[in-house]
Amino acid sequence: ERKLDYVLGLTINQFMERRLQTLVQKKKIANSVHHARVLIRQRHIAVGKQMVNIPSFMVRVSSEQHIQHSATSCIKTGKLGRTKRRKANAGGDGDDE
């Protein structure tokens, strides 16, 4: 019954603070909440080993310390991203004709 009372006592602010989008920004992985949302949607963020691409993902307190860049992210690996790879392979002509 104490669990139910705790859940019913949650405020909107407490609920919003548990979102992945907010926690990524608070951990200084992103510059803003908007930047955090973009990083999450572009599959750059993982919670533990699990890549998460849903900004509204509710993060448990025990999982909060495991928020990081995903293993396949070009930010973490240092490899070229999709667009830079594509431009490098095209030779950098700049002509689309």
Side-chain angles (χ1 to χ4, degrees):
E1 187 174 316
R2 285 194 303 154
K3 284 184 180 182
L4 179 62
D5 291 337
Y6 176 74
V7 171
L8 292 175
L10 285 176
T11 64
I12 294 173
N13 286 336
Q14 290 171 326
F15 192 70
M16 296 301 277
E17 291 292 320
R18 301 289 350 135
R19 287 170 52 105
L20 180 62
Q21 178 179 352
T22 309
L23 292 173
V24 166
Q25 189 258 332
K26 288 210 184 270
K27 287 190 70 160
K28 304 287 188 207
I29 296 174
N31 300 330
S32 66
V33 243
H34 303 289
H35 185 219
R37 185 177 193 86
V38 170
L39 288 176
I40 294 166
R41 290 297 300 158
Q42 292 178 354
R43 304 166 59 104
H44 291 292
I45 303 295
V47 178
K49 292 183 179 180
Q50 182 69 44
M51 187 276 306
V52 181
N53 65 346
I54 301 168
S56 62
F57 179 80
M58 285 295 149
V59 181
R60 294 180 179 179
V61 177
S62 60
S63 300
E64 190 173 337
Q65 63 192 7
H66 300 291
I67 297 173
Q68 60 189 357
H69 290 288
S70 65
T72 57
S73 170
C74 61
I75 297 170
K76 188 171 187 174
T77 61
K79 294 181 180 178
L80 294 178
R82 179 186 62 85
T83 309
K84 286 189 179 181
R85 249 191 347 257
R86 188 171 172 208
K87 286 181 180 177
N89 290 340
D93 293 335
D95 261 344
D96 289 339
E97 296 179 30

(Q) Give me the atom names and distance for the closest heavy-atom approach of Q25 to A36. (A) N-CB, 4.2 Å
Q) Taking everything shown except L10 itself, do over 12 heavy atoms lie less than 6.0 Å from its CG? A) yes
Q: Measure the CD1-CD1 distance between I29 and I40 for me, rounded to the nearest 0.5 Å.
A: 9.0 Å
Q.
Grouping I, L, V, M, F, W and Y whenever their side-chain heavy atoms are under 4.5 Å apart, do F57 and I45 come out in a common cluster?
A. yes
Q | Cluster link V33 to I67, ILVMFWY, side chain under 4.5 Å | A | no
Q: Taking all non-hydrogen atoms of both residues into account, name the closest pair between A71 and T77 and its distance.
A: O-CG2, 3.2 Å
Q: Would you indicate whether H34, at its atom NE2, is surrounded by more than 12 heavy atoms from other residues, nucleotides or ligands within a distance under 6.0 Å?
A: no
Q: Decide side chain to side chain contact (heavy atoms under 4.5 Å, CB included) for V52 and V59; before the verdict, give the C-alpha distance in whole Å, the side-chain angles of both, and the deciding distance to 0.1 Å.
A: CA-CA 11 Å; V52 181; V59 181; over 6 Å; no
(Q) Given 3.5 Å as the limit, does a donor-acceptor pair link the side chain of T22 with the main chain of M16, or not? (A) yes
(Q) One thing to verify: whether E17 and K26 come together as a salt bridge, which I'm taking to mean a side-chain N less than 4.0 angstrom from a carboxylate O. (A) yes
Q.
Just verifying a value: how many Å separate L23 CG and M58 CE, rounded to the nearest 0.5 Å?
A. 9.5 Å
Q.
I'd like to know if the side chain of Q68 reaches the main chain of G48, judged simply by a donor and an acceptor atom lying under 3.5 Å from each other, with no hydrogens or angles considered.
A. yes
Q) Can you name the nearest heavy-atom pair linking C74 to K79, along with the distance? A) CB-O, 3.4 Å
Q: Determine, stepwise, if the pair E64 / R18 fulfils side chain to side chain contact (heavy atoms under 4.5 Å, CB included).
A: CA-CA 9 Å; E64 190 173 337; R18 301 289 350 135; 3.0 Å; yes
Q. Quick one: are S70 and K76 in side-chain contact, heavy atoms under 4.5 Å?
A. no
Q) With hydrophobic residues grouped by side-chain heavy-atom distances under 4.5 Å, do V24 and I75 end up in a single group? A) yes
Q: Enter the distance from M51:CE to H69:NE2 here, rounded to the nearest 0.5 Å.
A: 14.5 Å
Q. Which is it for R37 and R19 under the side chain to side chain contact (heavy atoms under 4.5 Å, CB included) test, yes or no, and what are the steps along the way?
A. CA-CA 11 Å; R37 185 177 193 86; R19 287 170 52 105; 3.8 Å; yes
